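Beneath this line is the structure, given in structure tokens, with notes to follow.
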Amino acid sequence: MRHDDIAMRAEHDAAWRLLRARNAPLVLAFLGEMFVEENHGPVPATQVLGRLDDLLYALNTVREESDCYSGTPAGYLDAWCAPEAGWLRRFYPDGAEEVHYDATPPLEKAYAWVRSLGPRPFVGTESRLDSLVQLLRQMVHGSEVDPDVRLAELHRRRADIDREIAEVEAGNVSVLDDVALRERYHLFTSTARDLLSDFREVEENFRGLDRDARERIATWEAGKGELLERLVGDRSDIANSDQGRSFGAFYDFLLSGARQEELSDLLDRVQRLDGVVADPRMRTVHHEWSDAAERTQATVRQLSEQLRRFLDDQVWLENRRVLDLTRRIEGHALALRGARPDVGLEIDLPGVEIALPFDRPLYDVRPAAVVDSRIEMGDATDLDTTALFEQTYVDSARLAKIVRSVVPARGTARLDDVLELYPVQDGLAEIVGYLALADDDLSVDIATDTEERITIEFQDKDGRPRAVRLAPVTISRTEGSRTESAGRP
Amino acid sequence: MSESDDTAVSTTIIKLMRGVVYRDGQPEEWRTLERHGAPVSDHFRVVGVDVVVDDVEGYAYLRSRDDEEVDLPRLVNRRSLTFPVSLLLVLLRRRLAEFEATSSDTRLVLDRDQIVEMLTLFLPDSTNEARLVEQVDATIKKVHDLGFLKPMKAQQAQQSAPGRHGQQKAWEVRRVLKAYVDAQTLDDFDARLTTYRSSFASETTGDTGGTS
């Protein structure tokens, strides 16, 4: 790669931009969790916003003021969808009322790269060399057309297997040692994840092919037959492209019943091997491949369908005429900008207008209902509504203090005596406050057995004299501990 | 046909009379059209109307039959729309055509603000911007009443900008617009505008026979 290419890439590549972004940890953590770790396809907007909100809240509570993520969830999503970023894709899937979000291949790339930065327990070499040799064998022998050469190879392989059979029959069962096992497991997990993260790119490639095809169709000047020829010839027809054929083969391979069973069985057994530190995600990785592949396949189907529609004779010709005509009409409209033309489009109205005159009922004369909703006005001249609004706060600690200062230890006093010394200031509530004193060393006793009544006079807030008549109340002070009672309104 | 089938056919006929029937929006009626399309079509053929079922796009609508032999009065109404509404339909039709040519998504959704921007380019200059926006909103509503725009859930993402009032709606441009605003209708409109323009030019400049 040359310097200028790299510089260009640093400037424009979306994955690189993500790594350079100030909010990279937030983006990678959130989108990576949702779309890579949890392997979701497109997610509705409300779900995404909800989760992002939760995450931001959780993060912000443990961060410094200056470090906080101060944007709104919606603002962040907008920014990540913007063309300057390109880490999130926003669209309306068919049949959905809500907008959906999906991650983009650059996000997968950046996330995979950041993951790979973690320290590796060890760097396996033997397993990879082994798989490389296998690949070479496949390529060389698979493309060999000379039957003799192929037969020679097959015989060689059979000889190898025979030797192995002899060994096992003799009792020498050679087993992969721990190191080799771990190495291979590691290689397996990393390749499996790579495969999973590649599906988005596969989808994106398909979409790109589709766009190219559409563009070509839209701008084609010659006849339609040649267009079709060109499309198929250039393999821009999705199914026939390199991407399409590889994916098609993969899909068939993965989805065959026998294959699924085999994979399931193998994965199960591998996870249970001693000497392997099993990654729990790997147990169901074949399901995740299936899910991702299914989504991609659905996209391919949809794209092919639309393209076919687009290529339909009528649509193709019509669209071109429509574009020409709309351009002309816009030209007219611009020229007529100052005027208010009374010409308009003449179209069929959808549906059929049906007016059934006899379906409408004749005028129905109803006598006006007499409603007597008059409420007699009460006499409001001397209505004191302040009681509705005021809240008197009575400090019962103060009352307790007063009592303690008046009543000697182990003594008693009558409430009206106490109130003579310390007149009521807060009205009736204060009297009730006295009655409700709940300190440990004070006890309030209301004499219920006599007919005697005491009268307590006081002045309310407006200065008017008030009087309360109640049974005699004695307050006694015991030797108990002083507990301050909290103020009560 | 059983009684329930009869009812289904009748309901479908009524729904078609009311407007466009969509596979997503009215699945029952769509199924009826698939299974008992013939009775429905026959019913309408009597009054000189065709039922067009577009399987691929997923909508069905009524169209006048242009039968040379029989001369029936038109049941499906034709209406001349006002200039602003017509203009908006033309612009939306163009956006739809461009969208099909470039994008692999199926649904074209525009913000209200995008629509305002599109349309104000063609409206006479006015110092009263609020009034312009109101006009555009009214035009959008009329197009919605005709059935060519569908309101989508209010976009939460757009509400991130403070101080923006007014309906932050998104509108889906319904693909059935292609069936109603087709090349033929556009052609007629274009022709009429050309004549209008030439007469307008001749009025303002005082020449006769102004060129378009």
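Treat the numbers as computed from the prediction; the structure is a model and nothing was measured. Labels below follow one simple rule: chain letters A, B, ... track the order of the sequence lines, proteins then strands, and each chain is numbered from 1. All heavy atoms count here, side chains included; hydrogens, waters and symmetry mates do not.
- Residue Leu123(B) touches chain A through its backbone alone, counting heavy-atom pairs closer than 4.5 Å.
- The closest side-chain donor-acceptor pair between Thr46(A) and Glu98(A) falls under 3.5 angstrom.
- The most heavy-atom pairs under 4.5 Å with chain A, out of Thr82(B), Val76(B), Val109(B), come from Val109(B).
- Using a 4.5 Å cut-off between heavy atoms, Leu325(A) touches chain B through its side chain atoms alone.
- Arg174(B) is listed as a side-chain neighbour of Tyr22(B), based on a closest heavy-atom distance under 4.5 Å.
- The closest side-chain heavy-atom distance from Val173(B) to Phe99(B) is not below 4.5 Å.
- With respect to chain B, the highest number of heavy-atom pairs below 4.5 Å among Ile347(A), Asp324(A), Val343(A), Thr326(A) belongs to Ile347(A).
- There is no contact between Arg23(B) and chain A, counting heavy-atom distances below 4.5 Å.
- With a 4.5 Å cut-off on side-chain heavy atoms, Glu203(A) and Arg200(A) do not count as touching.
- Below 30°, between 30° and 60°, or above 60°: for Phe30(A) and Trp80(A) the angle between ring planes is between 30° and 60°, a tilted geometry.
- Ring pair Tyr59(B)/Tyr61(B) is tilted by interplanar angle, where 30° to 60° counts as tilted.
- Heavy atoms of Lys15(B) lying under 4.5 Å from chain A are absent altogether.
- Residue with the most contacts toward chain A among Arg107(B), Arg18(B), Glu172(B), Arg74(B): Arg107(B) (heavy-atom pairs, distance under 4.5 Å).
- Taking chain A as the reference chain and counting heavy-atom pairs below 4.5 Å, the highest number among Val85(B), Leu121(B), Leu16(B) is found for Leu121(B).
- Rounding to the nearest 0.5 Å places NE2 of His332(A) at 12.0 Å from CG of Leu87(B).
- Interface remark: of the candidates Thr185(B), Asp24(B), Thr106(B), Thr106(B) forms the most heavy-atom pairs closer than 4.5 Å to chain A.
- Between Phe83(B) and Phe189(B), the angle of the ring planes lies from 30° to 60°, which puts this pair in the tilted group.
- Contact annotation for Pro73(A): neither backbone nor side-chain heavy atoms come within less than 4.5 Å of a heavy atom of chain B.
- Taking the centre and axis of the six-membered ring of Tyr196(B), the NZ or CZ atom of Arg192(B) falls outside the cone set by 45° and 6.0 Å.
- Looking at Leu323(A), only its side chain comes within 4.5 Å of chain B, counting heavy atoms on both sides.
- Heavy atoms of Leu146(B) lying under 4.5 Å from chain A belong to its backbone as well as its side chain.
- With respect to Glu204(A) and Arg207(A), a salt bridge is recorded, a charged nitrogen being found less than 4.0 Å from a carboxylate O.
- Looking at Leu334(A), the atoms closer than 4.5 Å to chain B (heavy atoms on both sides) sit in the backbone and in the side chain alike.
- Counting heavy-atom pairs closer than 4.5 Å to chain A, the top residue among Leu62(B), Leu81(B), Thr102(B) is Leu81(B).
- For Asp188(B), no part sits under 4.5 Å from any heavy atom of chain A, backbone or side chain.
- Most heavy-atom pairs under 4.5 Å with chain A, from the set Met17(B), Lys178(B), Arg79(B): that is Arg79(B).
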